[in-house]
Amino acid sequence: MPKAIKYVEKAVTVAANGAWLAFDKLNSIAPNASFTPKWSDKPLLKSYEKQKPPLGWPRTTDSLCPRCVPEIRQQILDGKLPHEVLLNEKIGEIKAQIIERDGKILMVKDCPIHGHFEDVMAIDTKFFRHLEEVFPGRDIRAHNDEKLHNHGTSTIKHGRGSVLTIDLTNRCNMMCDPCFMDANQVGFVHELQWDEIKTMLDNAISIKPRRQMSVQFSGGEPTLSPYFLDACSYARKVGYNSVQAASNGIEFAKSEEFCRQAAEAGLRYVYLQFDGIGNAANSHRKVGNLFDVKLKAIHNLHNAGVEIVPVTTIVNGINNEQVGRIIQFALDNPKTISFLSFQPVSFTGRDEEVTDERRAAQRYTLSHLAHDVKNQVGLGEPARDWFPISFMSTFSDWADLIHGPNADWGQLSCGCHPNCGIGTAMMIDKETKEAVPVPAFLKMEQFAKDVARINDAGRGRFLSVLGMALALMRNYDPFKSPTHFRMKDLMLKFDKSFGASKNADKKYGSVKGDRTLEDIERRRKDRWNFLFVAGMWFQDLFNYDFRRTEQCIIPYATQEGEISFCAYNTGVGWRNIIEKMHMTATLTKWYDEHGRHEIFAGGKNVGLEDTAHKLKLVQEHVNAHANTTLDELGIAKNAREEKIRARDAKLKQDAENARMAALYRKEILKESVPENGFVPLGNLVAPARRAEETKEAAEPVLGD
């Protein structure tokens, strides 16, 4: 019977193709002008009106010198330069070329002071070209934003952004490597007060286009802020229907009650730090039972009605082998996990001074991710199944069109640069666990072109929905979809995602701020899990491109306006400057007034009442050893190891210099040199290493 239905559906796709040709020809006659929605002062853009940055290669762009920028930033922090130089001058800026060499895409650049730099952008030129070719163009230019977007060459210029990020505190209960913000190491506390949080949320909704934004509370560890629950509640109150937290999960794992309180306050998603399957795969984070913590956090959050997005920082030689295992974890638990986010390492924060050797060994790109998914899981073709995240903006444009000019918010639109982020999707049968990449049975490129033609015609809701239905059917291949998947399921899935029908909220469960547990359960009953696998590659000083910064979709809300994620955390490093300008207290003063919060490091375990969960695991993955690739190559794994090695090398060199000086005095100058004038190298190096080990072992005590 299932096979017979597939043949019927194939006949429908053929009929839909013929109907589309007639529809498209008639629909393209005398297209309507774009309307200006209530959430924007500028009209919706036709596909041919969208601007694009320079793409392809070779090309030239504006970048930064990895050595000039930290030097200038330090001068600002030391008070030798005013921070206004970042607004009025092109501090540390140099030109960069994006070229092809030996089958790879590289960024190469030269500083007149510090010389030559280069780094890998992609290991697959076909994949890189595909991403840029299907990029649909930039969103509506940002407006009504002059007070919040004013950061010199780092200013965001296009769109509104898809996720507003607010760092509630720079305090953290872990001491991770890598850490892009260098938490717990800057010597002071920067923690937002309640009036500052409210002001940032209020200001954010003034920017246009006023899109259906998410807000993500981050840090440090946001759950350490005394205002975390209040912030979630207020964000929902002012209109954000997707309230998120970027968390290591410790507080959620420790308390089911806290998870329930967060859900009731409005928390919808937790972006959970998740570096691999098993405690060994997470051992570089220096918490003994960290994987148990993750599983318990997922269990508690899901039971409370909060959705979980495992977020994996991928570092070559540390956890790159975990890509397939994490995807398998999601495939095995489709009723719990519907989104994965992989983030290739950005050498910033604690890693800004990375050596060239370690950077070359650990560099991981979006092209690495696409190939690892194929090689480790056997799913997906890099140049067929992966698209820039901005590819979805064509469908967001369609949703804006059918929701009409009176909608209060525009649709979420991830209009970032094609080099910033990628995504693919797998349709998973929650009952049988069968998984198939969506682009394998839905011709995505042609589908997007069809939808763009519907958008450009600018018709009303009925014709636009009709056109979408025909486009979906004609680009669908029933024989390549999952066994029990039907064309009807495809239609319902699209309606559920974009609200094509007027009663979508009642049919599938609301996703708005006032949603209930009943809404959550109704949405979870869907047999089909649309597992979205995303890759978000944040820049560092070695691959920085201002064309990416100016259309950032993850702005940070700060006391000095809203700043691109990469300009804040990398780039000229606005984070260091703003947190110092607005620091709450020195560490000493903070500890005197508030005490020390607990810090888990040096292998310390998190105390859990129990570790029970219902997640399915592959025990072979759980029991696997940690990645030892870098140990075998003799390359440092993190900034701390690099510092230890650099210090050891200096001590050895100093000892050798002392030995040679003593030898010179004895043999050439014929002076009397005592036997202890020759210092064994081990006598200098060993104590220093023991001191470092003692320091690391003592780190958990810092928070006791």
Side-chain angles (χ1 to χ4, degrees), residues 53-67 69 94-111 114-133 178 180 312-321 323 342-348 351-376 382-383 386 388 416-422 535-549 566 569-571 627 629-630 633 635-639 642:
L55 299 172
W57 67 85
R59 71 174 185 260
T60 300
T61 192
D62 297 304
S63 189
L64 291 165
C65 171
R67 299 290 176 259
V69 169
I94 57 176
K95 294 293 182 181
Q97 285 71 46
I98 295 175
I99 64 170
E100 178 181 352
R101 185 199 301 158
D102 300 328
K104 299 178 181 178
I105 302 297
L106 305 176
M107 175 179 281
V108 298
K109 52 191 177 182
D110 291 276
C111 171
H114 297 101
H116 185 73
F117 300 91
E118 61 180 57
D119 213 328
V120 176
M121 300 286 291
I123 58 170
D124 182 342
T125 57
K126 182 180 179 182
F127 170 81
F128 196 80
R129 179 182 290 108
H130 162 71
L131 295 180
E132 296 195 341
E133 286 179 345
F180 63 77
T312 307
T313 300
I314 296 289
V315 187
N316 252 339
I318 298 293
N319 64 337
N320 53 297
E321 84 289 353
V323 169
F342 293 96
Q343 297 178 357
V345 63
S346 170
F347 294 108
T348 189
D351 289 303
E352 188 172 70
E353 297 179 6
V354 61
T355 62
D356 292 340
E357 178 188 47
R358 181 161 71 91
R359 177 164 55 90
Q362 293 188 350
R363 177 62 79 195
Y364 193 91
T365 70
L366 295 173
S367 56
H368 284 87
L369 174 63
H371 281 272
D372 278 347
V373 171
K374 178 182 178 181
N375 296 333
Q376 295 179 26
W386 292 86
C416 56
H417 192 285
N419 298 161
C420 289
I422 60 172
M536 201 70 193
W537 189 22
F538 301 116
Q539 304 179 82
D540 52 48
L541 289 172
F542 301 95
N543 54 32
Y544 203 85
D545 186 345
F546 279 94
R547 300 295 80 74
R548 292 175 60 179
T549 302
C566 291
N569 291 305
T570 64
N627 192 324
T629 302
L630 297 176
L633 294 173
I635 296 173
K637 294 190 287 293
N638 52 50
E642 280 189 333

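Note that these values count all heavy atoms, side chains included, but never hydrogens, waters or copies made by symmetry.
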Throw together a table of side-chain donor-acceptor distances under 3.5 angstrom for residues 120-130, partners on residues two or more places apart or in other chains.
from   : atom 1 : to     : atom 2 : distance (Å)
Asp124 : OD1    : Lys126 : N      : 3.0
Asp124 : OD1    : Phe127 : N      : 3.1
Asp124 : OD2    : His371 : NE2    : 2.7
His130 : NE2    : Trp386 : O      : 2.7

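Taking each heavy atom of Glu642 and Ala636 in turn, the nearest pair found is CG-CB, 3.6 Å. Scanning both residues, Ala361 and Ile635, for their nearest heavy atoms gives CB-CD1, 3.6 Å. When all heavy atoms are compared, the tightest approach of Gly421 to Met536 is CA-SD, 3.9 Å. Of all heavy-atom pairs between Arg358 and Lys637, the closest is NH1-O, 3.9 Å. Closest non-hydrogen pair, Ala96 versus Ser63, comes out as CB-CB, 3.6 Å. Heavy-atom minimum distance, Ile99 versus Trp57: C-CD1, 4.4 Å.
Checked for salt-bridge contact, Asp540 and Arg363 meet the test: a charged N lies under 4.0 Å from a carboxylate O.
Side-chain contact check for Asp62 versus Lys95: some heavy-atom pair is nearer than 4.5 Å. For the pair Asn543 and Trp537, the minimum side-chain heavy-atom distance is below 4.5 Å. Contact annotation: the side chain of Thr61 never approaches that of Phe546 to less than 4.5 Å [non-hydrogen atoms, C-beta and beyond]. For the pair Phe538/Thr570, no side-chain contact is recorded, criterion being any heavy-atom separation below 4.5 Å from C-beta on. Side-chain contact between Cys111 and Arg67: absent, with no pair of heavy atoms (C-beta onward) separated by less than 4.5 Å. Side-chain contact between Leu541 and Phe117 is absent, with no heavy-atom pair separated by less than 4.5 Å. You'll find the side chain of Leu630 reaches within 4.5 Å of the side chain of Ile318, heavy atoms only. Residues Thr365 and Pro344 have side chains not in contact (no heavy-atom distance under 4.5 Å, counting atoms from C-beta outward).
A distance of 14.5 Å separates SG in Cys65 from OH in Tyr544, rounded to the nearest 0.5 Å. Taking CD of Glu352 as the reference point, atom CZ of Phe542 lies at 8.0 Å (rounded to 0.5 Å). One distance of note links CD of Gln362 with CD1 of Ile314; it measures 12.5 Å at 0.5 Å rounding.
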*Gln539/Ser346 under side chain to side chain contact (heavy atoms under 4.5 Å, CB included): CA gap, chis, key distance, verdict*: CA-CA 6 Å; Gln539 304 179 82; Ser346 170; 5.9 Å; no
*Start with the C-alpha distance between Asp110 and Ile94, add both sets of side-chain angles, then the distance that settles side chain to side chain contact (heavy atoms under 4.5 Å, CB included), and finish with yes or no.*
CA-CA 7 Å; Asp110 291 276; Ile94 57 176; over 6 Å; no
_Working note: Ile105 + Ile98, criterion side chain to side chain contact (heavy atoms under 4.5 Å, CB included); need CA distance, chi angles, decisive distance, verdict._
CA-CA 7 Å; Ile105 302 297; Ile98 295 175; 3.6 Å; yes
*Arg59/Glu132 under salt bridge (charged side-chain N to carboxylate O under 4.0 Å, His left out): CA gap, chis, key distance, verdict*: CA-CA 13 Å; Arg59 71 174 185 260; Glu132 296 195 341; 3.0 Å; yes
_Verdict with supporting geometry, Leu369 and Val323, side chain to side chain contact (heavy atoms under 4.5 Å, CB included)_ = CA-CA 8 Å; Leu369 174 63; Val323 169; 4.0 Å; yes
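In terms of modelled atom types and a separation under 3.5 Å, the side chain of Lys109 and the main chain of Leu64 share a donor-acceptor contact. Side-chain atoms of Asn319 come within 3.5 Å of backbone N or O of Thr313 as a donor-acceptor pair.
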